[in-house]
2 protein chains.
Amino acid sequence: MLEKISASKSEILDAAAHCFMTLGAEAASIDDIAHHLGSTKGRIYHHFPSKGALLSAVQLRAADFTNRAVEAVIDSSRPALENLEEMSRSHVREVLASLPYHRVILQTYPGTRVKAATEVEHALQSEVRKGQRAHEMLFHDEVARGIAEGSIENRNLTVAVAGLMLILNSPVFWFRPERGASQDFIDTIVRDLTSMAMASLRSTAPAPQPE
Amino acid sequence: MLEKISASKSEILDAAAHCFMTLGAEAASIDDIAHHLGSTKGRIYHHFPSKGALLSAVQLRAADFTNRAVEAVIDSSRPALENLEEMSRSHVREVLASLPYHRVILQTYPGTRVKAATEVEHALQSEVRKGQRAHEMLFHDEVARGIAEGSIENRNLTVAVAGLMLILNSPVFWFRPERGASQDFIDTIVRDLTSMAMASLRSTAPAPQPE
DNA sequence: TCAAAAACATACTCATTAGTCTGTTTTCAG
DNA sequence: CTGAAAACAGACTAATGAGTATGTTTTTGA
């Protein structure tokens, strides 16, 4: 789904993600990104046709990161909750590892339709949504399986999955890697968030005990 | 904490919140907001000194909305979890009721420092954070109390409260009132999100049974 | 009833910034 | 080696949008 990225292109994406994160996707200018690279606009516009395309590329890569990380640990032979726990752990780890990219996604999450949306840009945005939806589907399907199993509380699926993803993505809002990112704290975040996420899903009432 | 707002000023805030929501806080121009009001810039700049001040006013009002709603139902004589459940219910209801305002908050949550930040604007933003922190504190304190009680799982407080707030705010990301906001669906959202939030906090291991 | 202040409208200025165009350097296949 | 294409740099254009300055209307208090 994602074409190969040259080393230079990847460097540009990293810089773009960083600037979008610190300044906001809309406020960050192409010149800001170029300056952060020690280059000029010429370099960026040689690789990307527009700012919108660059933004979409960053968002697409973000979804791709978590997608790969989660898909790698999926094992549908396990019970849904067990599987979801591994998936969640992997997702949170990846978010913490590639934080700037995921910050950008959150910034453009709501239905904020871009003003000057050409046909091409619109298509790119639709592609981004598709990638995000695909990733949510990984969790969506497992939650549905868990509800069928009886191990997960029977709630509105949309509401439940949205809440789950928000828990897993919550570090995006407050995690500051620049201020001391001790491996210990990272482990705490992964453990506690995964624990909270699983607890929020787990069925309370009958609790089928297979022991 | 919040000065009285004239009818006209309130109308401007509503329009601003709406435009910030649909177009994004950065992309929405003062002219856009004025046009949505059927007026011109003059009206807005008569009441607000700058776009940043207008944005801050919207954010401050958002925090004020949920603050009032939650504070009204706090009853610290109850057990922490019971109290938190009522608070959460009230919070979610308020978010759904004044959605545009809360969308704006989420858009500017991350550490995106504005570029042209004058001293005044900076002070306003700091005021906004203070209001948001105050509201989070309401939940923070109750969670701490619950942990002390033993009814809430002993996790990192920052992580736990952040996760909790994200669950409660999650409709901001996907709820579309324009597309059929049946009272029934609203009730479902409030019930399921509150249920998930409480489940994510509840202590799993010893479970002190006071019955 | 009548100033004066509040509440707007309208026409500007000026800075920022996305995108373009042309030139220069680097890479690399043959 | 060489020439052509890729990978940039740097100057320029054009449009958008925040903020201002000066009107005009409406409200209001005495």
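Each chain gets a letter, A, B and so on, in the order the sequences are listed, and its residues count up from 1.
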So, does the side chain of Lys41(B) form a donor-acceptor pair with the base of dA9(C) at under 3.5 Å? no

Quick check with a 6.0 Å cut-off and a 45 degree axis cone: is Lys9(A) positioned over the face of Phe48(A)'s six-membered ring? yes

Phe65(A) vs His102(A) aromatic rings, parallel, tilted or perpendicular, using cut-offs 30° and 60°? tilted

With a 4.0 Å cut-off on heavy atoms, is Ala7(B) in touch with a base, just the backbone sugar-phosphate, or nothing at all? nothing

Which value, rounded to the nearest 0.5 Å, describes the distance between Ile147(B) atom CD1 and Leu157(B) atom CG? 4.5 Å

Starting at atom OH of Tyr45(A), determine the distance to atom P of dA11(D), rounded to an integer number of angstrom. 18 Å

From CZ of Phe20(A) across to P of dT17(C) the rounded distance in Å is 13 Å

Rounded to whole Å, how long is the line connecting atom CD1 of Ile44(A) with atom P of dT17(C)? 14 Å

Euclidean distance, atom CD of residue Glu121(A) to atom P of dA18(C) [Å, nearest integer]: 12 Å

Distance in angstrom units between Arg43(B) CZ and dA6(C) P, rounded: 17 Å

Taken to the nearest whole Å, CD/Glu26(B) to P/dT17(C) is 9 Å

Please determine whether a side-chain nitrogen or oxygen atom of Ser8(A) lies at a distance below 4.0 Å from atom OP1 or OP2 of dC8(D). yes

Which of dA9(C), dG10(D), dC8(D) is nearest the side chain of Thr40(A)? It is dG10(D)

Any base atoms under 4.0 Å from Ala28(B), or only sugar-phosphate, or nothing? Heavy atoms, all strands. sugar-phosphate

dC8(C), OP1 or OP2 - any side-chain N/O from His47(B) closer than 4.0 Å? yes

Of the listed nucleotides dG19(C), dA6(D), dA9(D), the one nearest the side chain of His46(A): dA6(D)

What is the nucleic acid contact for Ser29(B), judged by heavy atoms within less than 4.0 Å: base, sugar-phosphate only, or nothing? sugar-phosphate

To the nearest 0.5 Å, what is the distance between CZ (Phe175(A)) and CG (Asn169(A))? 14.0 Å

Ile30(A) CD1 to dA9(D) P, in whole Å, measures 14 Å

Starting at atom NZ of Lys9(B), determine the distance to atom P of dC8(C), rounded to an integer number of angstrom. 12 Å

Tell me which of Ala27(A) and Pro49(A) sits closer to the 5' end of DNA chain C, going by the nucleotide each one is nearest to. Ala27(A)

Ignoring hydrogens, what is the shortest heavy-atom contact between Leu96(A) and Pro171(A)? Give both atom names and the distance. CD2-CB, 3.7 Å

Between the side-chain atoms of Lys51(B) and the base atoms of dG19(D), is any donor-acceptor pair under 3.5 Å? no

